[in-house]
Asks: 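Here it is: the structure, laid out below.
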There are 2 protein chains.
Amino acid sequence: MDTENVIAATPLFQGLEKRYQKDLARIVIKQTYRRGEMIFAEGDQSKGFYIIATGRVKVFKISPEGKEQILHIFGQGEPFGEVPVFTGQPFPAYAEALAETSTLFFPRDDFIGLVRTEPSLALNMLSVLSMRLKRFTALIEDLSLKEVPGRLAAYLLYLSDRSNGANELDLEISKGQLASILGTIPETLSRILTKMTKEGLISSDGKRHIRIKDRMAIEQLANGEKRLT
Amino acid sequence: MDTENVIAATPLFQGLEKRYQKDLARIVIKQTYRRGEMIFAEGDQSKGFYIIATGRVKVFKISPEGKEQILHIFGQGEPFGEVPVFTGQPFPAYAEALAETSTLFFPRDDFIGLVRTEPSLALNMLSVLSMRLKRFTALIEDLSLKEVPGRLAAYLLYLSDRSNGANELDLEISKGQLASILGTIPETLSRILTKMTKEGLISSDGKRHIRIKDRMAIEQLANGEKRLT
DNA sequence: GGATATCCTTGACTTAAGTCAAACCGGCAT
DNA sequence: ATGCCGGTTTGACTTAAGTCAAGGATATCC
């Protein structure tokens with residue numbers, strides 16, 4: 001997919017006139033990363049932000065002991081690394097490609113120039129950041145107020161919503177990555193999946209496939225109205 | 001303080017021409033809340049956002065069992081409740097006045113109209129949201145990757161930084177509120193403060209006053225390089 | 001200024017989740 | 001096939017932090 005098509009298909013740039021999309025295309029720099037490659041590190045100085053053309057990227061924090069907390073996994077058409085563009089400060093987290101990934105890089109100064117002349121672009125970006133704040137709010141709530149089974153239940157429901165309420169879910173990531181999203185470790189996640197299976201809430205065939213069998217119970221778990229025994 | 005002076009003193013509106021500040025003053029609605037009064041609830045439909053003229057407001061999540069996680073405590077000149085302005089969705093958290101508080105309320109549609117005509121306002125708001133994302137990132141890191149003593153240590157250093165590195169700290173909030181900021185409960189916080197005092201890291205005279213005695217050790221604690229015994 | 005309510009601390013106990021270590025499993029390459 | 005190698009599961013154990021309950025300290029109000 002060429003640059004202009006990627007831009008045209010990106011939610012951040014919806015509602016912009018064709019000529020602004022052309023201006024955007026003019027400032028981007030294409031980049032590619034291999035699976036496992038670091039895109040930026042916490043503390044790095046930022047020169048701009050990224051949009052994913054193809055591939056997947058995880059943005060995460062890591063503790064001195066090596067425990068990792070994933071903040072977000074980004075896919076096609078999603079922007080990431082925007083925070084330093086507007087704060088002028090270094091990146092507050094790490095970003096790493098989860099697969100072969102190609103990105104469009106938008107240099108800070110050029111992009112801010114466009115924001116100044118195109119209010120819709122500013123409002124779209126405000127919307128993106130606001131959605132992200134909302135997600136972070138939910139993550140904070142999960143980490144602070146829910147136990148791991150509740151977080152997992154909420155995550156399964158989130159996946160289900162993304163596929164229009166389907167009961168057949170594709171994890172798309174390894175269990176280890178999922179544990180890191182939920183703020184726990186693989187062993188704990190594994191035990192909880194086993195429990196949920198034994199209690200008939202889910203069943204799991206393939207490695208990365210889960211079927212919701214008792215949605216009601218999973219909702220109660222996610223809302224803290226029920227616990228695993 | 002009258003509306004125009006509050007606006008002129010608000011970081012969000014810095015760098016705006018006088019006439020835009022006047023436009024802003026024209027759209028605001030003044031409101032006052034008593035200590036303990038709810039300003040908005042999670043799930044409420046939003047009609048705009050707020051700036052604090054005087055007083056203090058906590059924004060928080062609460063679990064079914066009543067445990068509370070404070071996301072942010074806002075003071076004079078700070079905006080809050082902006083997320084739904086740009087997402088169009090309901091408030092993702094609760095807001096309550098911690099003291100007698102007066103606010104300026106900016107209706108959504110009027111404000112967005114001004115954002116469309118004044119790019120500096122858009123960029124200032126992008127900066128505010130980005131700073132908040134950064135803070136949330138740090139909170140997520142604390143909750144997921146640090147133990148409570150480390151979170152407390154990080155908070156003490158944060159307070160110290162705010163007063164130019166002073167070792168004499170004023171908590172400004174109750175221990176219960178502090179516990180809620182740190183994602184724990186008053187009992188646990190109390191025990192940890194006792195331990196830190198016994199190990200000579202801090203001393204505590206008045207209720208809401210703490211003196212840093214061993215900054216080095218507190219920094220190590222915050223970075224996970226050291227633990228309380 | 002004494003009574004009442006709220007906040008804070010302490011103790012004994014429980015528990016969710018982490019650590020460490022070992023076994024298991026399914027692909028992939030040799 | 002055979003053997004290696006992530007990723008995953010399971011078991012035994014440890015531990016940080018929560019719960020429950022009581023007592024102490026402060027602040028606040030009439």
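Reminder, nothing fancy here: chain letters follow the sequence lines and each chain counts from 1. Excluded from the calculations below are hydrogen atoms, water molecules and symmetry mates; all remaining heavy atoms, backbone and side chain alike, are included.
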Asks: Examine B/F106 together with B/F13 and report whether their ring centres are nearer than 6.0 Å.
Replies: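 Yes; B/F13 has its ring centre under 6.0 Å from that of B/F106.
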Asks: Determine to 10° how strongly the helix from C/dT9-D/dA22 to C/dT30-D/dA1 is bent, judged from the axes of its five-pair ends.
Replies: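 Here the helix ends are tilted 40° relative to one another.
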Asks: Does the side chain of A/T194 get closer than 4.0 angstrom to OP1 or OP2 of D/dT10 through an N or O atom?
Replies: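 Indeed, a polar side-chain atom of A/T194 lies that close.
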Asks: Return yes if a side-chain donor-acceptor contact under 3.5 Å exists between B/R151 and B/T184, otherwise no.
Replies: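 No pair is found: no donor N or O on one side chain lies under 3.5 Å from an acceptor on the other.
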Asks: Which nucleotide sits closest to the side chain of A/S190: D/dC20, D/dT10, C/dA16?
Replies: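 The answer is D/dT10, which lies nearest to the side chain.
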Asks: Rounded to the nearest 0.5 Å, what's the gap from CD on B/E68 to NZ on B/K61? Could you check?
Replies: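 Rounded to the nearest 0.5 Å, the CD-NZ separation comes out at 13.0 Å.
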Asks: Counting just side-chain N and O atoms, does A/R191 come under 4.0 Å of either OP1 or OP2 of C/dG18?
Replies: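 It does not, given that no N or O in the side chain of A/R191 lies less than 4.0 Å from OP1 or OP2 of C/dG18.
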Asks: Find the distance A/M196:CE to C/dA16:C1' and express it as a whole number of Å.
Replies: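 For the pair A/M196 CE and C/dA16 C1', the rounded distance is 16 Å.
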Asks: In this structure, how many angstroms lie between the C1' atom of D/dA12 and the CD atom of A/E187, rounded?
Replies: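 Spelled out: CD on A/E187 to C1' on D/dA12 is 13 Å.
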Asks: What nucleotide, of C/dA17, C/dG18, D/dT9, holds the atom closest to the side chain of A/E147?
Replies: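 Nearest nucleotide to the side chain: C/dA17.
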Asks: Which one, D/dT8, D/dA16, C/dG18, comes nearest to the side chain of B/R227?
Replies: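 Looking only at side-chain atoms, B/R227 lies closest to D/dA16.
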Asks: It should be established whether B/K67 places a side-chain nitrogen or oxygen under 4.0 Å from OP1 or OP2 of nucleotide D/dT19.
Replies: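 Checking D/dT19 against B/K67, no side-chain N or O comes under 4.0 Å of OP1 or OP2.
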Asks: Would you tell me if any nitrogen or oxygen in the side chain of B/T188 comes within less than 4.0 Å of OP1 or OP2 on D/dA16?
Replies: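 No.
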Asks: Can you tell me how far P of D/dT10 sits from NZ of A/K198, to the nearest Å?
Replies: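 Atom-to-atom, A/K198 to D/dT10, this comes out as 7 Å.
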Asks: Taking only the side-chain heavy atoms of A/S174 (C-beta and beyond), determine which of D/dT8, D/dT19, C/dA21 contains the nearest atom.
Replies: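 From the listed options, D/dT8 comes nearest.
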Asks: Let's see if you can work this out: which of C/dA17, D/dA17, D/dT19 has an atom nearest to the side-chain heavy atoms of A/P149?
Replies: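 So the nucleotide nearest the side chain must be C/dA17.
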Asks: Between atom NZ in B/K175 and atom C1' in C/dC8, what is the gap in whole Å?
Replies: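 Interatomic distance, NZ of B/K175 to C1' of C/dC8: 7 Å.
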